[in-house]
Asks: 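Got a structure for you, questions after.
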Amino acid sequence: QSQLVESGGGLVQPGGSLTLSCQGNRDSGFTLDMYAIAWFRQAAGKEREGLASLSRVGNNVIYSDSVKDRFTISRDNSQNAVYLQMNNLKTEDTGTYYCAAKSAFRREAAVLIPAEYGYWGQGTEVTVSS
């Protein structure tokens with residue numbers, strides 16, 4: 001049973017917006033405020049790419065150059081969820097989007113290295129096309 005479940009993917013036109021959600025599994029005691037979180041993307045035939053990461057506490061956030069100023073990562077601990085707000089979407093944003101969580105100290109710096117993350121969702125598909 002996955003500890004993380006993504007939702008919100010779909011088909012959107014270039015220039016449009018989508019918000020992805022990632023729900024932590026409360027039933028198994030998986031509370032996201034204990035983890036640093038990140039969003040990754042994998043396009044067909046390409047390696048998994050780190051997009052955005054957020055530390056457990058505070059506003060330590062990093063973005064990849066490909067999504068900086070267009071995407072926003074956030075968390076709502078009361079909902080045990082994390083989000084990725086995506087604006088001004090481009091065709092090259094097409095892919096499978098994954099949320100991930102890693103055990104971390106409270107103010108440990110955010111990172112975008114897939115191997116650092118021990119928990120992954122199953123992914124949600126985003127297609128940007130006219």
Side-chain angles (χ1 to χ4, degrees):
Q1 184 178 10
S2 179
Q3 305 293 359
L4 300 168
V5 178
E6 301 96 336
S7 62
L11 173 65
V12 62
Q13 292 187 339
S17 298
L18 276 177
T19 299
L20 305 183
S21 300
C22 176
Q23 187 70 47
N25 188 345
R26 280 194 198 274
D27 292 341
S28 64
F30 194 86
T31 52
L32 286 175
D33 61 359
M34 298 298 292
Y35 299 89
I37 56 172
W39 285 93
F40 293 84
R41 173 175 70 202
Q42 189 160 21
K46 295 187 177 181
E47 293 188 355
R48 194 164 294 189
E49 172 191 11
L51 303 178
S53 179
L54 178 62
S55 58
R56 273 186 64 190
V57 176
N59 295 316
N60 188 322
V61 180
I62 57 172
Y63 293 97
S64 68
D65 288 342
S66 62
V67 305
K68 193 175 182 180
D69 299 326
R70 299 189 298 124
F71 290 11
T72 303
I73 187 172
S74 62
R75 68 163 83 223
D76 184 340
N77 289 334
S78 68
Q79 299 296 319
N80 202 33
V82 301
Y83 306 98
L84 186 68
Q85 172 67 43
M86 307 186 295
N87 298 324
N88 190 22
L89 283 161
K90 304 176 181 181
T91 55
E92 53 262 41
D93 293 319
T94 294
T96 303
Y97 284 68
Y98 300 89
C99 68
K102 68 182 290 287
S103 299
F105 296 107
R106 286 170 58 83
R107 298 187 185 278
E108 184 176 323
V111 294
L112 286 176
I113 303 170
E116 293 282 326
Y117 289 82
Y119 301 93
W120 292 82
Q122 82 290 348
T124 185
E125 298 286 338
V126 173
T127 302
V128 184
S129 175
S130 55

Asks: Run the side-chain contact (heavy atoms from CB on, under 4.5 Å) check on W39 and F71 step by step: do they pass?
Replies: CA-CA 10 Å; W39 285 93; F71 290 11; over 6 Å; no
Asks: Transitively linked via ILVMFWY side-chain contacts under 4.5 Å: L54 with L112?
Replies: no
Asks: Show me the pairs that pass salt bridge (charged side-chain N to carboxylate O under 4.0 Å, His left out) and involve residues 15-34, at least two apart or across chains.
Replies: none
Asks: Sequence neighbours excluded and cut-off under 3.5 Å, please list the side-chain donor-acceptor pairs for residues 15-24, or say none.
Replies:
unit_1, atom_1, unit_2, atom_2, d
S17, OG, N87, OD1, 3.0
T19, OG1, Q85, OE1, 2.4
Q23, NE2, Q79, O, 2.7
Q23, NE2, N80, O, 3.1

Asks: Consider only side-chain heavy atoms of I, L, V, M, F, W and Y, link residues closer than 4.5 Å, and tell whether L84 and L89 are in one cluster.
Replies: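 Same cluster.
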Asks: For V111, which fellow cluster members are found when Ile, Leu, Val, Met, Phe, Trp and Tyr are connected by side-chain heavy-atom distances below 4.5 angstrom, either directly or through intermediates?
Replies: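 Same cluster as V111: F40, Y98, Y117, W120.
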Asks: Which heavy atom in P14 sits nearest to a heavy atom in T91, and how many Å separate them?
Replies: CG-CG2, 4.1 Å
Asks: So, Q13 side chain and S130 main chain: donor-acceptor pair closer than 3.5 Å or not?
Replies: no
Asks: Could you tell me whether a side-chain N or O of T94 sits under 3.5 Å from a main-chain N or O of V128, the two making a donor and an acceptor?
Replies: yes
Asks: Rest of the hydrophobic cluster containing I113 (Ile/Leu/Val/Met/Phe/Trp/Tyr, side-chain heavy atoms under 4.5 Å)?
Replies: none
Asks: Hey, what do you get for CG (L4) to OH (Y35), rounding to the nearest 0.5 Å?
Replies: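 If I round to the nearest 0.5 Å, the distance is 9.0 Å.
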Asks: Listing request: all salt bridge (charged side-chain N to carboxylate O under 4.0 Å, His left out) pairs with a residue in residues 106-130, at least two apart in sequence or in separate chains.
Replies: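 Checked against salt bridge (charged side-chain N to carboxylate O under 4.0 Å, His left out) - neighbours excluded - the pairs reaching residues 106-130 are K102-E108.
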Asks: Answer yes or no: is there a donor N or O on one side and an acceptor on the other, between the side chain of S53 and the main chain of A110, under 3.5 Å?
Replies: no
Asks: At their closest point, which heavy atom of G121 faces which heavy atom of S2, and how far apart are they?
Replies: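 For G121 and S2, the tightest heavy-atom pair comes out as CA-OG, 4.0 Å.
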Asks: Any side-chain heavy-atom pair from V82 and L32 closer than 4.5 angstrom?
Replies: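 SC-SC contact between V82 and L32 confirmed.
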Asks: I want to check something: taking the side chain as every heavy atom from C-beta on, are D93 and M86 in contact at a cut-off of under 4.5 Å?
Replies: no
Asks: Check residues 61-68 and write down every donor-acceptor pair under 3.5 Å in which the side-chain atom is one partner and the other belongs to a residue at least two apart or another chain.
Replies:
unit_1, atom_1, unit_2, atom_2, d
Y63, OH, I73, N, 3.0
S64, OG, S66, OG, 2.9
S66, OG, E49, OE2, 2.9

Asks: Flag the pair L11 / S129 as yes when at least one side-chain heavy-atom distance between them is below 4.5 Å, and no otherwise.
Replies: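 A side-chain contact under 4.5 Å exists here.
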Asks: Tell me which one of E6, R41, Q42 satisfies side-chain hydrogen bond (donor to acceptor under 3.5 Å, both in side chains) with Y97.
Replies: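 Answer after filtering E6, R41, Q42: R41.
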Asks: Quick one: closest heavy-atom pair of R75 and I37, and the distance?
Replies: NH2-CG1, 3.7 Å
